[in-house]
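Below is one structure, written out as structure tokens; comments come after it.
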Amino acid sequence: MAAAVVHLSVHGRLRRSPEIVSQTCYRPSLLRCRAFKQETGGDDEKPSSPPPKRRKGPLYKLKAAMQGLAGSRSAAAEVYGGQYERAVEKAEEIFFSVATQVGRYVITMTSSGVVLAVGFQLSGGDSQTNALIWYSWLGGVIIGTMLGANSVLEEHCKAGPRNVVITGSTRGLGKALAREFLLSGDRVVVASRSPESVVQTIDELEENIKEGLSVAKKKQRETLLQAKVVGTSCDVCKPEDVKKLVNFAVEELGSIDIWINNAGTNKGFRPLVNFSDEDITQIVSTNLVGSLLCTREAMDVMQYQEKGGHVFNMDGAGSGGSSTPLTAVYGSTKCGLRQFQASLMKESRRSKVGVHTASPGMVLTDLLLSGSSLQNKKVFNIICELPETVARTLVPRMRVVKGSGKAVNYLTPPRILLALVTAWVRRGRWFDEEGRAVYAAEADRIRNWAESRARFSFTDAMEMYTETTWVSVFSLSVVCAFIMLSSSGGPFPGT
Amino acid sequence: MATVAAPLPLRAAASAGPAPFRLSSDDGARFPGRLGQRRLVAGGCRPRESAGFRVEALLGGGGGGPKEPILPPYNVLITGSTKGIGYALAKKFLMAGDNVVICSRSAERVESATSDLKKEFGEQHVWGTVCDVREGKDVKALVDFARDKLGYIDIWINNAGSNAYSFKPLVETSDEALIEVITTNTLGLMLCCREAINMMWSQPRGGHIFNIDGAGSDGRPTPRFAAYGATKRSVVHLTKSLQAELQMNEVNNVVVHNLSPGMVTTELLMSGATTKQAKFFINILAEPPEVVADYLVPNIRAIPTNQSMKPTYIRFLTGLRAYSRIFSRLAFGARRNKYVAED
């Protein structure tokens, strides 16, 4: 984490410095106007900054309320017929996009305003420093606008179904990922060791699609109709099985856009000496041999595809390099995978295939829960999530991933912060005092699927800003801090 | 942030920073009879028992019984030691007066290596047996062999490693090569570590286990041998986890260390000397196995000699050494064409 921050700060500085040098001849007041023009030009609406500040809260509440209404209204809408519903839907859509834009704008302005104010406070009225702050602010705004425009373009490009292969997808997170991809209108191949569970999973997922179709609105229905699920049995540590899976996927879907190496196993928590030969062999061959074989086969197919493709390897405990006592075998395979990923990135720099990691954080699946104590479960209450929740966050990011070497994480800093802040509220969330599970079984959870998908989530709202706004605000503040430090280093020893 | 991710971060976010993986001490339920058993087996010198006893015994192992100091000559076991660095290490240990068990997959090579060493150092110092570290029963047989010939082992060096002697992009690597690399380097190592710990905690002298790292251990990418790099990274991680595990279970007579030989001019490395870059670095940084063993063996022997029970990471090729060599090459053209012709 620390390394990443340093890295980013260096980039921020480098990026900004030429501008600072080249534009110092302009007057600061002039630049201030230009900066505002830039910002408003990037957005669709042009509200002056004070009003939206007050409007933002109510806007969001209204939006949430409307979505709630939309959920409960669907039955009534059927009776009233299409026209009214369509009008409301359209209004809602426009309203939401307006709200999003305004919210984004407000957040950017307020946070950069805070940074600027702090900067001026610290500079102590030195005009040259003030000028520098304005320049760096302008730089931040320009970069932010560019990033924002980029993400908007991406959103347009992401239309169209993807062909997805997920290994180990008849249980836990893999299944949740498959379901989420299907509900985004993609075509999914499920694979697992046992043929029976593959058949069963396909049935369940098809049922989910049907349910989704029954509650879907018009636009959603179109995408959902493209969804398709097929499956085959595959033991990832057998080379011939993996080849079979690849051939199956290509035959059924034509090409493979996204391949997710999700199959992984742990076999409980205990010291290494108590693992049997078979356990160790199975963990190593599923986690390491399986991932390597699958990655190789997937890359082999994808490099000849016109659009290339993306391979995701799942992170786990130990990926970061921290020790994992009682799961030494699992941890070291996951740690090895991270290194493998780094090597692959170098190897495939010029190829069309992207290799990425996906980190689901802590998920309430058998992998985690086998052999966990009461004490652990108390912590799970705070930080764990249901597989569906995690999949809902990961899948949209996996679908639009570009380039190579990206990390798709669930536990991002805002989420961790939120979990910490609300730790008290989350006490009995999944397990009660005696460690009994209090969350609904999978089938029940899925029944409420459509509703929970539509519900507005605070963390999602925070997430919306992370990629674009936070980056620009952060780099801006780093530049400010740098200027502060460098300028204060000069005069102080003299005086 | 770390506090959040600390407990049980199976599949924890990479961004969550260092997350030491600890089950709390309340975890007694998973180790029934933890406290009581410790008293029972406090002797620590109980012979190996059935699997069911292992937990309790492990928890109590070295828990305060009469501990004998490790005195030279040491009993050393080295896996994969019929050629390359393993052989050089065995030779150096023998020169220092220790007893050595050597082993490897091929019966032929074991035979010839053992007879060579016996000629040089006498009959009663070296023993050889066939052992494929990928097979659990082979490793168990190796332990029995060592116990039979020497009674106990002080230093166990997990040296067996493979790269399938191929340097290719992953996409071109064959199934067999991938599986061989992973099963030898990772699975073999885990089985050996398990048996070594199992053997050593019951010895009154305890013991030291050394795992040999390799390219990629530091997390730096290893293109053209991605699988090898991944397995070697997992070696370092396994060592770390085992250290934590042993500490947690209060086993204080067995220590797991890392050993880094740097680049050694063995078959494993030289088979990759095909690109210009690789030749450049091999000429500058690599050393013959004898030179590396000359450095490593005294350092390894120093650990039991000093009665040290702290985990260590012995490195031959330190960063300083590497950079000074690169500098002298660039400045004075030193070591050009030392092992392989560069042009």
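Just so it is clear: chains get the letters A, B, ... in the order the sequence lines come, proteins before strands, and each one is counted from 1.
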What residue in B:P169, B:P223, B:S217 has the most heavy-atom pairs under 4.5 Å with chain A? B:P223
A:K238 versus chain B, the contacting section by heavy-atom distance below 4.5 Å: neither
Under 4.5 Å heavy-atom distance to chain A, tell me which part of B:L170 shows up: side chain, backbone, both or neither. both
To the closest 0.5 Å, what do you measure between CG (A:L292) and OG1 (B:T231)? 9.0 Å
Given a strict heavy-atom distance threshold of 4.5 Å, which part of A:A407 is in contact with chain B: side chain, backbone, both, or neither? neither
Given a strict heavy-atom distance threshold of 4.5 Å, which part of B:R134 is in contact with chain A: side chain, backbone, both, or neither? neither
Side chain / backbone / both / neither for B:Y228 at chain A, heavy atoms under 4.5 Å: neither
Would you check if A:S285 and B:L187 make a side-chain contact, meaning some heavy-atom pair closer than 4.5 Å? no
Only pairs of heavy atoms separated by less than 4.5 Å count here; which of A:L288, A:L337, A:T357 has the most with chain B? A:L288
In terms of heavy-atom pairs under 4.5 Å with chain A, which of B:G136, B:G219, B:G229 leads? B:G229
Tell me if a side-chain donor or acceptor on B:R194 pairs with a main-chain N or O of A:F275 at a distance below 3.5 Å. yes
Do the side-chain N and O atoms of A:T333 and B:S234 include a donor-acceptor pair separated by under 3.5 angstrom? no
Hey, could you give me the CG/CD distance between A:D277 and B:E135, rounded to the nearest 0.5 Å? 9.0 Å
Main chain of A:L326, side chain of B:E245: is a donor-acceptor contact present, judged purely on distance under 3.5 Å? yes
Between B:K168 and A:E347, what is the shortest heavy-atom contact and its length? O-OE2, 4.1 Å
Could you tell me whether the side chains of B:S241 and A:T324 share a donor-acceptor contact shorter than 3.5 Å? yes
Heavy-atom donor-acceptor pair, A:S343 side chain to B:T222 backbone, under 3.5 Å: yes
Is chain A contacted by the side chain of B:K137, its backbone, both, or neither, given a heavy-atom distance below 4.5 Å? backbone
Does any N or O in the side chain of A:R296 come within less than 3.5 Å of the main-chain N or O of B:T173, such that one atom is a donor and the other an acceptor? yes
Within the side chain of B:K232, is there an N or O that forms a donor-acceptor pair under 3.5 Å with the backbone of A:G336? no
Side chains of B:D175 and A:K243 in contact at under 4.5 Å (non-hydrogen atoms): yes
Side-chain contact, heavy-atom cut-off 4.5 Å: B:N249 with A:P271? yes
